[in-house]
Amino acid sequence: MIALRFGVADLARTRFVISPLDHLMAGSARQGVHQGTGSRSERWWRDARRHVPDRARRFLDVVNASAIGVPDFMVADLDAVRRQLDDELDALLAVPQQAVEEGVAMFGSGAGLPTALARLRDDGARGLREVGDGAWALFRSCLAPDWPDIRRALEADIAVRASTAARSGIGAMLDSLHPNAVWRDEGVLECTLGELEGSFDLAGRGLELRPNYFVQQSIGLLAGPDRQSLLLHPLGAPAAEPAPRPQAADGLAAALGPARARVLRAVAGGCSTTELARRLGVTPPSASAHAAALRAAGLIGTRREGKQVRHTVTEVGHDLLRDNPPPRVPA
């Protein structure tokens, strides 16, 4: 049992976070390697694996390299609560080589180190870039059609737990997360994680609570001195499976036109104009013109970051994407 010790500042900084990257890893984690996901992940993967692009292989190799889990640096440490996959992958690309080597070392050395992790350590920035590219390709091809439904289920779960906190207190909410997470009145959350034993002071950083649609059987914990600790937990009530999607209908393309629909979906994770052009296979001036049209319609926002601009989807744009997922191409 791991005892997480809360102070007043920790309770004030405890928050819920929805992570696309967490779901990408949990959804593609195979039962023969990892425990704790469940039948929902298996059912999703049975359909999604027919659409896995070749570029995703390196990401999948890292996710399934060890039954212990993935290196800590694969789990984004960001300030944003409503995260975009691009933000999480940018954080992955910014991981220094020393942190990669230290993270990989936790999984063994020499012949005992899984090949995929040894390659990631040895390839440096190129390895992180290939893993990040693979994650993006897997999301676009496999998870994006279901992500609006999954996000709705996550937000509904958060709303129920927020209501519990408002009605009965934060301690009661923490105690309701999972049978393996028990709140004690002295300000301790006791987390049962196999044979692990110890105590960890959150040191005023608080705790990120990350509900996960694919995690059904257990909880996961990442605690460290240099980042906010996080607790991965299942949804509190059975969530509906993502609704079957028509193979040909595309409501977004009908509303915006095929070209603008592609642009809005490409911006969904957040990107620069250069990155948008690369995703669409067009020139930067053409990508900029498309972005300007969507910005004028209130579907995306643009802000300057140094010498570049960054495009993100507005709440109105999110609603359109949520209600009009892209049709999945038959295998």
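What you see is a predicted model, and the numbers here were worked out from it, not measured in a lab. Each residue takes its place number in the sequence, starting with 1. Excluded from the calculations below are hydrogen atoms, water molecules and symmetry mates; all remaining heavy atoms, backbone and side chain alike, are included.
For the atom pair CZ of R161 and OG of S176, the computed distance is 5.0 Å after rounding to the nearest 0.5 Å. The CG atom of N324 sits 10.5 Å away from the CG atom of D319 when rounded to the nearest 0.5 Å. A distance of 13.5 Å separates CZ in R129 from CG in L89, rounded to the nearest 0.5 Å. Taking CZ of R295 as the reference point, atom OG1 of T314 lies at 12.0 Å (rounded to 0.5 Å). Here the CG atom belonging to L24 is positioned 9.0 Å from the OG atom belonging to S19, to the nearest 0.5 angstrom. From L189, atom CG reaches atom CE of M1 across 10.0 Å, with rounding to the nearest 0.5 Å.
Looking at N64, its side chain does come within 3.5 Å of a backbone N or O of L60 through a donor-acceptor pair. Between the side chain of D10 and the backbone N or O of G204 there is at least one donor-acceptor pair closer than 3.5 Å. Counting only distance, with no hydrogens or angles, the side chain of Q228 and the backbone of R13 share a donor-acceptor pair below 3.5 Å. In this structure, the side chain of S41 engages the main chain of G27 through a donor-acceptor pair within 3.5 Å.
Under the 3.5 Å distance criterion, with hydrogens and angles disregarded, no donor-acceptor pair is assigned to the side chains of S141 and H51. Of the N and O atoms on the side chains of Q84 and E88, not one donor lies less than 3.5 Å from an acceptor on the other residue.
One finds a salt bridge joining E275 and R279 here, because a Lys/Arg side-chain nitrogen approaches an Asp/Glu carboxylate oxygen to under 4.0 Å. At a threshold of 4.0 Å, the pair E186-R184 does not count as salt-bridged, since none of the basic side-chain nitrogens sits closer than that to a carboxylate oxygen. A salt bridge is absent between R121 and E101; no separation between the charged side-chain nitrogens and carboxylate oxygens falls under 4.0 Å. A salt bridge is absent between D250 and R262: the closest approach of a Lys/Arg side-chain nitrogen to an acidic carboxylate oxygen does not fall below 4.0 angstrom. Looking at R126 and D123, a side-chain N of the basic residue comes within less than 4.0 Å of a carboxylate O on the acidic one, giving a salt bridge. One finds no salt bridge joining R151 and D146 here, because no Lys/Arg side-chain nitrogen approaches an Asp/Glu carboxylate oxygen to under 4.0 Å.
Classified by interplanar angle (parallel below 30°, tilted 30° to 60°, perpendicular above 60°), the ring pair W44/F214 is tilted.
Taking the side chain as every heavy atom from C-beta outward, I150 and L143 approach each other to under 4.5 Å. By the 4.5 Å heavy-atom criterion applied to side chains, I2 and S199 are not counted as neighbours. Residues P234 and D157 have side chains not in contact (no heavy-atom distance under 4.5 Å, counting atoms from C-beta outward). Contact check for L222 versus R227: side-chain heavy atoms found under the 4.5 Å cut-off. Using a 4.5 Å heavy-atom cutoff, the side chains of F59 and M25 are in contact. Residues R5 and L202 are not in side-chain contact: their nearest non-hydrogen atoms beyond the backbone lie 4.5 Å or more apart. With contacts defined as side-chain heavy-atom distances shorter than 4.5 Å, the pair V52/W45 qualifies. Between C191 and N180, every side-chain heavy-atom pair lies at or beyond the 4.5 Å cut-off.
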Quiz prompt | Intermediate values then yes/no, side-chain contact (heavy atoms from CB on, under 4.5 Å), T192 and H178 | solution = CA-CA 10 Å; T192 301; H178 190 270; over 6 Å; no
Exercise. Tell me, with the steps shown, if S272 and R310 meet side-chain hydrogen bond (donor to acceptor under 3.5 Å, both in side chains).
Key: CA-CA 4 Å; S272 67; R310 185 171 183 80; over 6 Å; no
Practice problem: Evaluate the side-chain hydrogen bond (donor to acceptor under 3.5 Å, both in side chains) criterion for residues R167 and S163: first the C-alpha distance (whole Å), next the side-chain angles of each, then the deciding distance (0.1 Å), finally the verdict. | Solution: CA-CA 6 Å; R167 185 176 60 252; S163 177; 3.2 Å; yes
Quiz item: Would R260 and H290 count as a side-chain contact (heavy atoms from CB on, under 4.5 Å) if you check the C-alpha gap in whole Å, the side-chain angles of each, and the deciding distance to 0.1 Å?
Solution: CA-CA 7 Å; R260 298 282 159 77; H290 282 303; 2.9 Å; yes
Practice problem: Give the C-alpha distance, both sets of side-chain angles, the deciding distance and a yes or no for side-chain contact (heavy atoms from CB on, under 4.5 Å) between L154 and W147. | Solution: CA-CA 10 Å; L154 296 168; W147 184 242; 4.2 Å; yes
Quiz item: Hey, mind stepping through M173 and L209 against side-chain contact (heavy atoms from CB on, under 4.5 Å) and telling me if it holds?
Solution: CA-CA 11 Å; M173 182 273 291; L209 304 174; 3.8 Å; yes
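Nearest heavy-atom pair, F16 versus P211, reported as atom, atom and distance to 0.1 Å: CD2-CD, 4.2 Å. P114 and S66 make their closest contact through CG-CB, 4.3 Å (heavy atoms, listed as atom of the first residue, atom of the second, distance). Contact detail for V131 and L120: the closest heavy-atom pair is CG2-CD1, 3.9 Å. The two residues A3 and V188 come nearest to each other via the heavy atoms CB-CG1, 3.7 Å. When all heavy atoms of C142 and A48 are compared, the closest pair comes out as SG-O, 3.3 Å. Of all the heavy atoms in S229 and F200, the pair that sits closest is OG-CE2, 3.4 Å.
I68 and F73 fall within a single hydrophobic cluster, where Ile, Leu, Val, Met, Phe, Trp and Tyr are joined by side-chain heavy atoms under 4.5 Å apart, directly or via other members. V160 and L177 fall into different hydrophobic clusters, where Ile, Leu, Val, Met, Phe, Trp and Tyr residues are linked whenever their side-chain heavy atoms come under 4.5 Å apart, directly or through other members. There is a path of hydrophobic side-chain contacts, each under 4.5 Å, that joins L4 to L196. Hydrophobic clustering of Ile, Leu, Val, Met, Phe, Trp and Tyr side chains at less than 4.5 Å, counting indirect connections, unites L93 with L138. Under a hydrophobic clustering in which Ile, Leu, Val, Met, Phe, Trp and Tyr are joined whenever their side-chain heavy atoms come within less than 4.5 Å, directly or via other members, L231 and L11 fall into the same cluster.
Figure legend: cation-pi geometry between R40 and Y213, with NZ or CZ positioned under 6.0 Å from the six-membered ring centre and within 45° of its axis.
Here A203 pairs with D201, R205 under the side-chain contact (heavy atoms from CB on, under 4.5 Å) rule; sequence neighbours left out.
Aromatic pair F6/W183: ring centres closer than 6.0 Å.
Its side chain within the 4.5 Å cluster rule, L294 clusters with L252, L256, V263, L264, V267, L276, L280, V282, L299, I300, V313, V316, L320, L321 among the Ile, Leu, Val, Met, Phe, Trp and Tyr residues.
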